[in-house]
Asker: 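One structure, as structure tokens, below. Some questions next.
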Protein chains: 2
Amino acid sequence: MIDINLLLSFGASYKKVAANDIIFNEGGVCSYYYQLVKGRVRWINYTNDGKEYLQSIIEAGECFGELPLFDAGGYAATSIADVDSILIRLNMSAFTQLLIENPEIHFKFSKLLANRLRFKFFILKEMAFNDPAKRVNALFHYLRDGKKHICLTCSQIKLTRQQIADMTGLRVETVIRVVRNMYKNGELKIVRGKIYFNVMTPVIMSEQEY
Amino acid sequence: MIDINLLLSFGASYKKVAANDIIFNEGGVCSYYYQLVKGRVRWINYTNDGKEYLQSIIEAGECFGELPLFDAGGYAATSIADVDSILIRLNMSAFTQLLIENPEIHFKFSKLLANRLRFKFFILKEMAFNDPAKRVNALFHYLRDGKKHICLTCSQIKLTRQQIADMTGLRVETVIRVVRNMYKNGELKIVRGKIYFNVMTPVIMSEQEY
DNA sequence: ATTTAATTATGACTGCAAGCATAAACTAAA
DNA sequence: TTTAGTTTATGCTTGCAGTCATAATTAAAT
């Protein structure tokens with residue numbers, strides 16, 4: 001997202017985290033701007049009865065936990081390293097200073113926020129009325145088209161059915177049945193656990209490159 | 001949101017719209033920054049099968065349709081005047097210029113975007129796992145606490161059951177039953193159609209003043 | 001190669017929201 | 001005040017996601 005050398009020149013530092021380490025907690029006071037250099041991060045909300053809602057998967061190159069930097073609230077979700085990861089972080093006041101000195105980067109961030117908001121609009125609409133199959137489909141499209149620039153050569157989806165369930169508000173069993181069904185209909189291939197999503201249904205929404 | 005005189009100095013103009021007039025359509029190319037001076041605006045997504053999801057109700061003083069200004073996509077939802085309204089609009093390039101010349105307003109907008117994103121995080125989590133009663137409750141809390149600064153003296157909610165259904169992804173009948181039930185439990189009063197929401201359950205999330 | 005754990009799979013049952021129909025109670029207009 | 005239109009109310013039925021139980025399969029660890 002932000003050039004690493006620029007971050008370093010403002011005093012940013014690297015940090016290693018192991019798989020399943022908590023980076024920050026929902027509601028926690030914001031201290032840093034975070035950017036993922038290597039690895040993968042889960043961004044999760046816990047409901048009062050312990051279920052977890054997976055708001056987003058952060059891939060290398062993306063930033064996360066940026067909301068409090070702007071509105072001075074707590075972190076909107078808990079972030080957990082999905083695998084061993086390296087991240088770079090910059091303390092809050094230095095981040096603000098960086099934006100002031102580099103207005104074009106501030107515009108880049110507005111774009112980022114707008115994009116993320118746009119995706120939430122989309123996914124919320126999908127969640128509100130659609131049946132399970134469409135929800136899962138919407139998520140796949142997002143992962144393929146919305147994050148293409150970051151992710152992968154093609155359209156592999158490397159989430160467990162449980163994680164898909166966590167992102168769509170469905171139960172594992174339901175997701176398993178839906179995916180199974182899509183597989184039977186030839187809408188996707190499964191090779192060694194990975195889902196290869198390769199149907200050419202129209203793209204409804206995409207989180208553009210930023 | 002932005003001071004009206006400042007907007008005017010950048011060439012903004014007033015516009016009157018009648019109830020149910022469409023201000024802009026989902027997906028449409030962005031031409032203006034909009035700010036509501038008087039009235040009320042519905043912000044809606046239509047699903048392919050004609051159902052509408054009410055993303056937000058815009059009250060006087062709030063801005064809307066700001067996403068495309070930052071990320072150059074289309075409008076994220078259709079906006080329709082709920083009642084006769086007056087709005088002020090500023091063309092896109094002038095808006096950008098305004099932000100460049102007034103970095104503090106740009107920060108204000110980042111805060112706004114962050115806030116709106118935060119609310120979507122919240123409502124999405126609620127929608128994903130909660131039962132109907134909790135969904136409606138979450139919406140009520142948002143309308144009371146999140147929008148207190150704009151709305152009303154107290155905690156009236158002037159939405160029809162249909163509109164509540166449109167915001168929670170439930171059906172009218174379900175909402176009617178839920179509200180009826182809350183009424184019976186003394187969780188709210190209904191005076192001439194308006195819902196007076198007056199229970200002191202802890203505030204989970206609030207869209208802060210901006 | 002063998003054990004252990006995690007993930008995927010599938011059937012059976014249940015609860016409850018959706019959907020439909022229909023009526024009552026408001027509201028606004030004439 | 002009457003009329004027409006909207007909103008709220010309620011019973012009944014059905015479908016299907018959720019839940020539980022249990023098994024099969026795959027992946028990871030020893």
Side-chain angles (χ1 to χ4, degrees), chain A residues 18-20 42 47 49-54 82-84 126-140 156-185 187-197, chain B residues 18-20 42 47 49-54 82-84 126-140 156-185 187-197:
Chain A
N20 296 314
R42 298 200 302 271
T47 61
D49 53 328
K51 287 172 198 156
E52 53 179 61
Y53 180 70
L54 183 57
D82 201 41
V83 295
D84 293 352
E126 293 293 318
M127 293 268 302
F129 295 116
N130 279 344
D131 54 73
K134 283 189 194 146
R135 289 196 202 185
V136 172
N137 231 287
L139 177 67
F140 284 177
Q156 303 100 318
I157 291 162
K158 36 176 182 176
L159 297 173
T160 64
R161 312 291 137 103
Q162 181 61 60
Q163 286 177 315
I164 294 170
D166 289 341
M167 292 189 87
T168 50
L170 300 166
R171 307 292 137 155
V172 213
E173 298 94 322
T174 307
V175 172
I176 286 172
R177 281 179 243 256
V178 167
V179 171
R180 194 100 262 277
N181 218 49
M182 292 176 75
Y183 175 77
K184 277 183 197 161
N185 297 343
E187 293 173 50
L188 48 82
K189 289 177 204 158
I190 300 172
V191 183
R192 291 201 292 107
K194 269 186 201 163
I195 295 169
Y196 287 78
F197 181 62
Chain B
N20 297 313
R42 297 199 304 271
T47 60
D49 54 327
K51 287 172 197 155
E52 54 178 60
Y53 180 70
L54 184 56
D82 201 42
V83 296
D84 293 353
E126 294 292 319
M127 293 269 301
F129 295 117
N130 279 344
D131 55 72
K134 282 188 194 146
R135 289 195 201 187
V136 172
N137 232 287
L139 178 67
F140 284 178
Q156 302 101 318
I157 291 162
K158 37 177 182 174
L159 298 173
T160 65
R161 312 290 137 106
Q162 182 60 61
Q163 287 177 315
I164 294 170
D166 289 341
M167 291 190 86
T168 50
L170 301 166
R171 308 292 137 155
V172 213
E173 299 95 320
T174 307
V175 172
I176 285 171
R177 282 179 243 255
V178 167
V179 170
R180 196 98 263 276
N181 218 48
M182 293 176 75
Y183 175 77
K184 277 182 197 161
N185 298 344
E187 293 173 50
L188 48 81
K189 290 177 204 159
I190 300 172
V191 182
R192 291 201 293 105
K194 269 186 201 164
I195 294 170
Y196 287 78
F197 182 60

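Since the model is a prediction, treat every value here as computed from it, not as a measurement. Every chain is numbered from 1 and lettered A, B, ... according to where its sequence line falls, protein lines coming before strand lines.
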Asker: Hey, does the side chain of Asp84(A) reach the backbone of Ala19(A) with a donor-acceptor pair shorter than 3.5 angstrom?
Answerer: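 The answer is yes, because a donor-acceptor pair under 3.5 Å joins these two groups.
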Asker: Please confirm whether the backbone N or O of Met167(A) pairs with a side-chain atom of Tyr53(A), one donor and one acceptor, at under 3.5 Å?
Answerer: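 At least one qualifying donor-acceptor pair exists.
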Asker: Taking only the side-chain nitrogens and oxygens of Thr174(B), find out if one of them lies under 4.0 Å from OP1 or OP2 of dA18(C).
Answerer: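 True: Thr174(B) side-chain N/O within range (under 4.0 Å) of dA18(C) OP1/OP2.
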Asker: If I take atom CD in residue Glu173(A) and atom P in nucleotide dC16(D), what distance separates them, rounded to the nearest angstrom?
Answerer: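 These atoms are roughly 18 Å apart.
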Asker: Just the rounded figure in Å: distance from C1' of dA9(C) to CD of Gln162(A).
Answerer: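 Between C1' of dA9(C) and CD of Gln162(A): 14 Å.
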Asker: By nearest heavy atom, map Arg171(A) and Leu159(B) onto DNA chain D; which one lands nearer the 5' end?
Answerer: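 The residue closer to the strand's 5' end, by nearest nucleotide, is Leu159(B).
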Asker: Can you tell me how far C1' of dT8(C) sits from CG of Leu188(A), to the nearest Å?
Answerer: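 Interatomic distance, CG of Leu188(A) to C1' of dT8(C): 14 Å.
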Asker: Taking all heavy atoms of Ile164(A) and all of Thr168(A), pick out the closest pair and write down the distance.
Answerer: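 Result for this residue pair: O-OG1, 2.8 Å.
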Asker: OP1 or OP2 of dT7(D) less than 4.0 angstrom from a side-chain nitrogen or oxygen of Arg161(B), does that happen here?
Answerer: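 For dT7(D), OP1/OP2 do not have a side-chain N/O of Arg161(B) under 4.0 Å.
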Asker: Should Asn20(B) and Arg42(B) count as side-chain neighbours, where that means a heavy-atom distance under 4.5 Å?
Answerer: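 Yes, close enough: below the 4.5 Å cut-off.
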Asker: Starting the side chain at C-beta, find the nucleotide from dT10(D), dT8(C), dA17(C) nearest to Thr160(A).
Answerer: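 Of the candidates, dT8(C) comes closest.
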Asker: For the pair made of OH in Tyr183(B) and C1' in dA9(D), what is the distance, rounded to whole Å?
Answerer: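 Computing the Tyr183(B):OH to dA9(D):C1' distance gives 14 Å.
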Asker: Calculate the interatomic distance between Ile176(A) atom CD1 and dG11(C) atom C1'; express it in whole Å.
Answerer: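 One finds 13 Å between C1' of dG11(C) and CD1 of Ile176(A), rounded.
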Asker: For Met182(B) and dA9(D), give me the distance from atom CE to atom P, rounded to whole Å.
Answerer: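 Result: 13 Å.
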Asker: Nearest whole Å is fine: how far is dG18(D) P from Asn130(B) CG?
Answerer: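 Computing the Asn130(B):CG to dG18(D):P distance gives 13 Å.
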Asker: Please name the residue in the list Val178(B), Val172(B), Leu170(B), Asp166(B) that meets the side-chain contact (heavy atoms from CB on, under 4.5 Å) test with Arg161(B).
Answerer: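 Only one option passes, and that is Val172(B).
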Asker: Any side-chain N or O of Arg180(A) under 4.0 Å from OP1/OP2 of dA9(C)?
Answerer: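 So the side chain of Arg180(A) is within the cut-off, an N or O lying under 4.0 Å from OP1 or OP2 of dA9(C).
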Asker: Can a donor-acceptor pair under 3.5 Å be found between the side-chain atoms of Arg177(A) and the base atoms of dG18(D)?
Answerer: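 In this structure, the two groups form no donor-acceptor pair.
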Asker: What is the distance, rounded to the nearest whole Å, between atom CG of Asp131(B) and atom P of dA17(D)?
Answerer: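 Taking atom P of dA17(D) as the reference, CG of Asp131(B) is at 18 Å.
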